[in-house]
Amino acid sequence: MLSNKRIQELELVMEFEKVEECFKEVSSWIEHVGRKRLKETVNLDDSLEMLLQAQKQFKEFDLVASEYCKRGQEALKKMNQWEDLSFVDVHSYRVKLQTYEDELEDFCTQLDETRHRVCETVRLYEFFDKVRQGIWCTEEGVKS
């Protein structure tokens with residue numbers, strides 16, 4: 001039994017090292033690229049044309065960011081199998097995993113919120129543009 005326990009502990013360490021390596025890459029991208037790009041989309045431009053350009057750029061970023069989120073989530077899922085190993089000392093690994101999971105969840109939530117905000121802002125600007133055009137057409141009709 002002791003031998004089996006040690007083998008499972010070694011397997012956990014090896015699996016955790018793979019997950020940690022993947023997550024360090026994801027975490028580094030989030031810190032150095034992802035969060036900066038999200039901050040850039042806080043101030044959206046005042047014209048519909050500029051807003052549509054910002055939306056296009058965000059969509060390109062969103063594809064890459066979503067892939068990193070997916071990779072991080074898949075890595076964390078691999079470690080879920082160790083949840084049931086109560087006889088193996090996994091506390092220190094769980095603490096690290098929780099930190100990674102919190103960071104990933106925070107970034108993915110911010111990404112979703114930004115995606116929604118950009119989309120809604122574009123829709124609002126398109127609506128106002130149609131209203132403005134309608135008012136202009138009405139004013140022209142009254143002048144005629």
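Just so we're clear, the structure is a prediction, and the values are computed from it rather than from any experiment.
Residues that satisfy the salt bridge (charged side-chain N to carboxylate O under 4.0 Å, His left out) test with Glu103, not counting sequence neighbours, are absent from this structure. For Glu120, the salt bridge (charged side-chain N to carboxylate O under 4.0 Å, His left out) test picks out Arg123, with sequence neighbours left out. Residues meeting the side-chain contact (heavy atoms from CB on, under 4.5 Å) test with Gln98, sequence neighbours left out: Glu101, Asp102. By the ring pair (Phe, Tyr, Trp, His ring centres under 6.0 Å) test, Tyr100 pairs with Phe23, sequence neighbours left out. Scanning for salt bridge (charged side-chain N to carboxylate O under 4.0 Å, His left out) contacts around Arg117 gives an empty result, with sequence neighbours left out. Looking at residues two or more places apart in sequence or on another chain, you find a salt bridge (charged side-chain N to carboxylate O under 4.0 Å, His left out) between Glu40 and Arg37.
Within the 4.5 Å cutoff, no side-chain heavy atoms of Val26 are placed close to those of Glu74. Contact of the Val19 side chain with the Leu97 side chain is registered, since non-hydrogen atoms from C-beta on lie closer than 4.5 Å. For the pair Leu63 and Glu67, the minimum side-chain heavy-atom distance is 4.5 Å or more. In this structure, the side chains of Met14 and Lys18 stay at 4.5 Å or more apart for every pair of heavy atoms.
Atom CD of Glu20 and atom CD of Glu17 lie 7.5 Å apart (nearest 0.5 Å). Here the NE2 atom belonging to His32 is positioned 9.0 Å from the OG atom belonging to Ser27, to the nearest 0.5 angstrom. To the nearest 0.5 angstrom, Leu124 atom CG is 11.0 Å from Asp129 atom CG. Between the CD atom in Glu15 and the CG atom in Leu10 there is a gap of 13.0 Å [rounded to 0.5 Å]. Taking CD of Glu31 as the start and NZ of Lys36 as the end, the distance is 8.5 Å to the nearest 0.5 Å.
Linking Ile, Leu, Val, Met, Phe, Trp and Tyr whenever their side-chain heavy atoms come within less than 4.5 Å leaves Trp136 and Val131 in two separate clusters. One hydrophobic cluster, built from ILVMFWY side chains closer than 4.5 Å, holds both Val33 and Tyr68. Two different hydrophobic clusters hold Leu48 and Phe127 under the rule that ILVMFWY side chains link at heavy-atom gaps under 4.5 Å. Clustering ILVMFWY residues whenever any of their side-chain heavy atoms sit less than 4.5 angstrom apart, transitively, puts Val64 in the very cluster that holds Leu111.
Other residues, nucleotides and ligands place no more than 12 heavy atoms under 6.0 Å from the CD atom of Glu21. Around CD of Gln133, the count of heavy atoms belonging to other residues, nucleotides or ligands within 6.0 Å exceeds 12. By the 6.0 Å contact criterion, CD on Gln73 is enclosed, its count of non-hydrogen atoms from other residues, nucleotides or ligands being greater than 12.
Listed for the His116 side chain is no donor-acceptor partner under 3.5 Å among the backbone atoms of Asp112.
Closest approach of Val122 to Leu52, counting heavy atoms only: CG1-CD2, 3.7 Å. Minimum heavy-atom separation, Leu38 to Thr41: O-OG1, 2.8 Å. Taking both residues in full, the closest heavy atoms of Phe61 and Gly34 are given as CZ-O, 3.6 Å, listed atom of the first, atom of the second, then distance. Taking all atoms of both residues into account, the shortest heavy-atom contact from Arg71 to Cys22 is O-SG, 4.2 Å.
Using a 4.0 Å cut-off between charged side-chain N and carboxylate O, Lys56 and Asp62 make no salt bridge.
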